[in-house]
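Comments concern the structure below.
Numbers restart at 1 for each chain; the letters A, B, ... are given by sequence-line order, proteins then strands. As a basis for the values below, the full set of heavy atoms in this structure was taken, side chains included, without hydrogen atoms, waters or symmetry mates.
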Protein chains: 2
Amino acid sequence: MVDKHTTALDKVLHLSMLVATDLARFEQESGLTSARVHLLWTLGLVGPGNQQSLASALNVTARNVTGLVDGLVTSGHVRREPHPTDRRATLVTPTALGRRTIGELQDSHRDLARRLFGAVPAPRLHAFVTTLDETITTFERLMEKQ
Amino acid sequence: MVDKHTTALDKVLHLSMLVATDLARFEQESGLTSARVHLLWTLGLVGPGNQQSLASALNVTARNVTGLVDGLVTSGHVRREPHPTDRRATLVTPTALGRRTIGELQDSHRDLARRLFGAVPAPRLHAFVTTLDETITTFERLMEKQ
DNA sequence: TATTGTTATACTCTATAACTATA
DNA sequence: TATAGTTATAGAGTATAACAATA
């Protein structure tokens, strides 16, 4: 039998694993890989940008972004455009297909959240989020100290 | 502004991402990769077994397990032993180093859980776990229907 | 000089298919 | 015939290092 703290952590990880499984189905259907979906999702969050900014946001090397963008150009999800002011840089911009895919990602994310938490009474959902906030804060303080 | 359901889901994912970051530090320090740590963790859960059972538990192909075990044999974490009754099979068994690593994994998992949730009042932690249980159940019912 | 992106190279994870030894 | 594991092959993600073009 495990202690109650471990139980809580394991259930958090279990839920996020299920969400990842759901995302994997999206990836299969769209013919995309996790890394490319991650790039598209980020593009949806921060808007068109150069590859360096994507590398920072994704926490990978610039070389890696080159490869991911190559793949997404081939699949027709993004375009490389000249940067308006810096001739060294390229502007990674979603195509119509890319914009549609990003929208579907955002919609299914929101739908999933609503289906998962829609039946939870408001006060309990509030307490749930409060606990998560405290936990995340605790974690970030722990990380700082090392 | 996002709705409260999306906020809840995003915070769950944020927390699990932080946990993954913590695990990544363990991987760096031990010189192991995620996939190999996952295999060791599974070995700790289910005990020594043949490669097919590991493949099922990890949800990857037998070929993939061959490669992971190759790496862990080279790093000295596991040994391939003859299966006592089936001469086709090999028994993947942790070495002393492997057992120590598995123990450290389990300890640091338990420690992390205690540090994250140790300060949460018992009733609120209980409600937290209840909400997670409901959510996981909801999710699994959603998956069945498709 | 510093930065952006690419070429060169290499390793890991992952998969499918064909094969050997054994059940 | 079926199963356990390996060899052969291939693609994707990731990294470091060297380099060209531009700032």
task: Determine, stepwise, if the pair A:T7 / A:D10 fulfils side-chain hydrogen bond (donor to acceptor under 3.5 Å, both in side chains).
output: CA-CA 5 Å; A:T7 300; A:D10 286 348; over 6 Å; no

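- Distance CD/A:E29 to CD/A:E104: 9.5 Å, rounded to 0.5 Å.
- With salt bridges taken as basic N to acidic carboxylate O contacts below 4.0 Å, one links B:D70 and B:R80.
- Protein atom CD of A:E81 is 19 Å distant from nucleotide atom P of C:dT4, rounded to whole Å.
- Side-chain contact between B:Q51 and B:T90 is present, with heavy atoms from C-beta onward closer than 4.5 Å.
- Residues B:T130 and B:D133 bring no donor and acceptor atom of their side chains to less than 3.5 Å of each other.
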Between protein and nucleotides 19-23 of chain C, what N or O pairs are separated by less than 3.5 Å?
| from | atom 1 | to | atom 2 | distance (Å) |
| --- | --- | --- | --- | --- |
| C:dA23 | OP1 | B:R87 | N | 3.0 |

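- Of all heavy-atom pairs between A:Q52 and A:A62, the closest is NE2-CB, 3.7 Å.
- A close approach under 4.0 Å does occur between a side-chain nitrogen or oxygen of B:N64 and OP1 or OP2 of C:dA15.
- Side-chain contact, A:T6 with A:D3: a donor N or O sits under 3.5 Å from an acceptor N or O.
- Residue A:R36 holds its CZ atom at 13.0 Å from OG1 of A:T101, rounded to the nearest 0.5 Å.
- For DNA chain D, none of the residues of residues 22-46 of chain B falls under the heavy-atom distance limit of 4.0 Å.
- As rounded to whole Å, 18 Å separates atom P of C:dT3 from atom CG of A:L54.
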Tabulate protein N/O versus nucleotide N/O from nucleotides 6-8 of chain D, keeping only pairs under 3.5 Å, one per line.
| from | atom 1 | to | atom 2 | distance (Å) |
| --- | --- | --- | --- | --- |
| D:dT6 | OP1 | B:R80 | NE | 3.3 |
| D:dT6 | OP2 | B:Q51 | NE2 | 3.0 |
| D:dT6 | OP2 | B:T66 | OG1 | 2.7 |
| D:dT7 | O4 | B:R63 | NE | 3.3 |
| D:dA8 | N6 | B:R63 | NE | 3.3 |

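- The distance from atom CG of A:L132 to atom OG1 of A:T137, rounded to the nearest 0.5 Å, is 10.5 Å.
- Ring geometry, A:W41 versus A:H109: the interplanar angle exceeds 60°, so the pair is classed perpendicular (tilted spans 30 to 60°).
- When the C1' atom of C:dT12 is taken as reference, atom CG of B:L72 falls 12 Å away, rounded to whole Å.
- For the pair A:N50 CG and C:dG5 C1', the computed distance is 10 Å after rounding to whole Å.
- With D:dT14, D:dA4, C:dG5 as the candidates, the nucleotide lying closest to the side chain of A:L68 is D:dT14.
- To the nearest 0.5 angstrom, B:T42 atom OG1 is 4.5 Å from B:L58 atom CG.
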